[in-house]
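Since we're looking at a predicted model, the values are computed, not measured.
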Amino acid sequence: FILYPVFYPPWLTSSSEKAPLRVCFSPEGQCTDKIVDAINSTQSSISVAAYAFTCPQIAEALGDAYRRGVDVQLLIDKSQIKEKYSQLSFLLKEGIPVFIDTTEGISHNKTMILDNRWVLTGSFNFTRAANSKNAENLLLIDDPSLAQIYKGNWENRVERAKRVSE
């Protein structure tokens, strides 16, 4: 028989076994448009964890969602404070709460939790290059149980993060 190692901490598991998935590959898949569509369909909340955030179309969609009453919050890597094309100032001017992840290394997440039901994740950074130049992948997963796991991780990171002011 095969002996499997016990990992600590253990894997976090979703209670859904057959969650509907959607996948996009860039540069040919126009993944930014799919992200914007997902944001535009969101009704109550969007929790973003992002390493790089330089894509104006995604920033504008988040701003539109915020203005229509969606609870939008962003957790980003500290590199975005000085990144030349960062959308940080735009998001702050919109009034969106932005937090800097204070992890010792980089905060390399590329995730959105939408309406506590959908998880958008993958290698796709929220940048123009991810959409037009890079080979990237993006998953949109309809799984409220998985969304709660991601949201728990997001909330734990925000508790240790530093809020950014204009």
Could you go through residues 58-66 and list every donor-acceptor pair under 3.5 Å that involves a side-chain atom there, pairing it with any protein atom two or more places apart or in another chain?
{"from": "Asp64", "atom 1": "OD1", "to": "Arg67", "atom 2": "NH2", "distance (Å)": "2.2"}
{"from": "Tyr66", "atom 1": "OH", "to": "Gly95", "atom 2": "O", "distance (Å)": "2.9"}

Worksheet item: Which heavy-atom pair separates Arg163 from Pro97 by the least distance, and what is that distance?
Response: NH2-CB, 3.6 Å
Worksheet item: If you measure from OG on Ser44 to CG on Asp71, what distance do you get to the nearest 0.5 Å?
Response: 8.0 Å
Worksheet item: Passes side-chain contact (heavy atoms from CB on, under 4.5 Å), Arg117 versus Asp142? Steps please.
Response: CA-CA 6 Å; Arg117 172 182 172 172; Asp142 181 1; 2.6 Å; yes
Practice prompt. Using atom types as modelled and distance alone, determine if a side-chain donor or acceptor of Trp154 lies under 3.5 Å from a backbone N or O of Val48.
Written response: yes
Item to complete: Quick one: pull up CD1 in Ile76 and OG in Ser107 and give me the separation to the nearest 0.5 Å.
Response: 9.0 Å
Practice prompt. Give a yes or no on whether the backbone of Thr54 and the side-chain of Thr127 come within a donor-acceptor separation of less than 3.5 Å.
Written response: no
Discussion item. What's the separation between atom CE in Met112 and atom OG in Ser47, rounded to the nearest 0.5 Å?
Written reply: 10.5 Å
Worksheet item: Where is the tightest heavy-atom contact between Phe126 and Thr111, given as atom of each residue plus distance?
Response: CZ-N, 3.9 Å
Practice prompt. May I have the step-by-step check of side-chain contact (heavy atoms from CB on, under 4.5 Å) for Leu140 and Leu21, ending in yes or no?
Written response: CA-CA 6 Å; Leu140 181 60; Leu21 302 173; over 6 Å; no
Response to the item:
Of all heavy-atom pairs linking Lys151 and Ser45, the shortest is NZ-OG, 4.5 Å
Discussion item. If the test is side chain to side chain contact (heavy atoms under 4.5 Å, CB included), which one of Val158, Ile100, Leu91 qualifies with Leu74?
Written reply: Leu91
Response to the item:
Of all heavy-atom pairs linking Phe124 and Ala130, the shortest is CE1-O, 3.3 Å
Worksheet entry | Rounded distance [0.5 Å steps], CG in Leu138 versus CG in Asn125 | 11.0 Å
Worksheet item: Tyr51 and Leu139: same hydrophobic cluster, using ILVMFWY side-chain contacts below 4.5 Å?
Response: no
Item to complete: Decide whether Thr42 and Asp115 meet the rule of one side-chain donor and one side-chain acceptor closer than 3.5 Å.
Response: no
Practice prompt. Verify the cluster assignment for Phe99 and Ile106: are they in a single hydrophobic cluster under the rule of side-chain heavy atoms below 4.5 Å apart?
Written response: no
Discussion item. I need the minimum non-hydrogen distance between Arg128 and Pro56, along with the two atoms involved.
Written reply: NH2-CG, 3.0 Å
Discussion item. Using every non-hydrogen atom in the two residues, find where Arg160 and Thr102 come nearest and quote the distance to one decimal.
Written reply: O-OG1, 2.7 Å
Fill in: From CG (Asp77) to CG (Asn109), nearest 0.5 Å
9.5 Å
Worksheet item: Given the rule in the side-chain contact (heavy atoms from CB on, under 4.5 Å) test, do Ile46 and Ile113 qualify, once you have shown the distances and angles that lead to the verdict?
Response: CA-CA 6 Å; Ile46 303 172; Ile113 304 118; over 6 Å; no
Item to complete: Run the salt-bridge test on Lys78 and Asp101 with the 4.0 Å N-O cut-off and return the result as yes or no.
Response: no
Discussion item. Rounded at 0.5 Å granularity, tell me how far CD in Gln148 sits from CG in Asn153.
Written reply: 12.5 Å
Which side-chain N or O atoms in residues 27-39 pair as donor and acceptor under 3.5 Å with protein atoms at least two apart or in another chain?
{"from": "Thr32", "atom 1": "OG1", "to": "Asn131", "atom 2": "OD1", "distance (Å)": "3.4"}
{"from": "Lys34", "atom 1": "NZ", "to": "Gly29", "atom 2": "O", "distance (Å)": "2.9"}

